[in-house]
Amino acid sequence: MSVRVRYAPSPTGSPHVGNLRTAIYNWILARKEGGQFIARLEDTDRTPGRYLPEGIWEIEESLRYLGTVPDEWWVGGGSAGPYVQSERLESYKVHAEMLIESGHAYKCYCSRERLEAMRMDQQAKNMPTGYDRTCRDEAGRSRMYAQRLAELGHEPPYVVRLAMPLEGQTIVHDMVKGDIVYDNRTQDDQVLLKTDGFPTYFLACAVDDHLMGITHVIRGDDWLSSAAKFVAVINAFGWEAPKLAHPPLILGADRKKLSKRHGSTQFMDFVKEGYLPEALFNFLVLLGWSAGDENRELFSIGEIIERFSLQGISEHPAIFDYDKLKWINGQYIRQSPQGRIIGLCIPYLIKAGLISAEPTAEELEIARRVIPLEIERMKVLSEVADLTAYFFKDLDYPSGYEEKAVAKWFKVEHLKPMLLEEITLLSNLKDWEVEGIEKVIREIGDKLELKFSEVIHPTRVAVTGRTVGPGLFEAIWGLGRETTILRLQRVFDRV
Ligand code: GLU
């Protein structure tokens, strides 16, 4: 049987990086096994704040960005659709009825108030909370029905509950954590269908996984605690459960569940910040899965697919190391063709107002010249604006200059004679090329009997306003003759 895996997000907002990691694992398994990767939108929870349709677009964008585009999903479809649960309500109803018919589920007429009172009573007595199964047998159900009918004066609403086996065990075979055995007596009679006709997660998911032919379910660790109920529903239908795998939780550096306190957690924030898809893919895959080579951080997608196995997923929590992600991204930036990086950087320059929204040929020419000079230092693409600002914007003295740099390097005695020489020689330099610029600067050092560093540092500060940046000669070349002379002259005049 061909492997069919699914990613089943709920549109509760902008997707979390952990959800995308789940999507990636599923996608990889499908690619490895020559199977299908399916995405299904689980949108049946309409509790206020739990249904945010605008999140759907971000889910789609995230999958596209990573290149983990589903083979079948709500965009474009497939044979087992529709892939949106709110469009499959009829099917859940039919399946709930099948379970009632076979004695594995029952209608429950208990009112919200009764359930609430029952819960408070259980809590007061320090008992585990759960449904008292009044409606599970015919007599109780008839009694409750009659009571509600009299109260309401019309046909009472009902939920459908799973008739959880009262003894025995439910075993969750998890490929990461091993077998987890649940005593059925500790499990509640879970609601499967709500009064509004919407299914709960347990029914919808079990039915869909079955109808969609899902063979493996890889999903976040937070679903493990309810996996027994999920398996119990599948068992009630008499279906074979898909193979389950729950990758470990993702934690922050303090070993607490990853949250906003640690930094960005929404996938699209990383996209906006300028993380490349292959870097995010590489980093997220290694969060909880080992490629079997601890000394290596960078793996191509092909290598990952080749090495991937569910057995390689760790059962221990994974730490989300922001610095490592940055480092990986920097590596991929440097491995990329320059043209790609330049193209990806343009929107950041526009956003920072360094070039116009519809860049002129001249602005693009500067971008093409100077972005490659900063690629060595770039860890995320959004840094390009700060790294290259001085190439695009006029640098006013002293406001545009680093105070410390000025304090250190503009006090030197040789500053003015050196600037004068530079202005003269660079103005007369025939070809504006890096080698020629270097030759001139070195000659000035020799002539004024200065150490190389005594020339380089103040000159760099004079033309860029800062102490770090690309090689000085490249930076001067990137600035162009006119801007360089202007800046040298301005410092000469004002210092
Ligand atoms: N809809 C669930 C979620 O939002 C997915 C549950 C599952 O994958 O079984 O995470």
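Note that these values count all heavy atoms, side chains included, but never hydrogens, waters or copies made by symmetry. Bear in mind that the values here come from a model prediction, so they are computed numbers and not experimental data. First listed ligand is number 1; within each ligand, the first listed atom is number 1.
Listed by atom number, the atoms of ligand 1 under 4.0 Å from C205 heavy atoms are 9 (O).
Taking distance alone, with nitrogen or oxygen atoms compared against 3.5 Å, A8 approaches ligand 1 more closely than that limit.
For atom 8 (O) of ligand 1, the closest non-hydrogen atom of the protein is R6 NH1, 2.6 Å. Protein heavy atom at the shortest distance from atom 1 (N) of ligand 1 is E42 OE1, 2.6 Å. Nearest non-hydrogen protein atom to atom 4 (O) of ligand 1 is S10 OG, 3.0 Å.
Residue nearest to atom 9 (O) of ligand 1, selected from Y7, Y201, F230: Y201 (by heavy-atom distance).
By the 6.0 Å and 45° rule, R307 does not stack over the aromatic ring of F299.
A salt bridge links R40 with D209: at least one charged nitrogen is closer than 4.0 Å to a carboxylate oxygen. Salt bridge status for R46 with D196: absent, with no side-chain N to carboxylate O gap under 4.0 Å. Contact check on K260 versus D269 returns no salt bridge, with no Lys/Arg side-chain nitrogen under 4.0 Å from an Asp/Glu carboxylate oxygen.
The closest side-chain donor-acceptor pair between W73 and E60, if any, does not fall under 3.5 angstrom.
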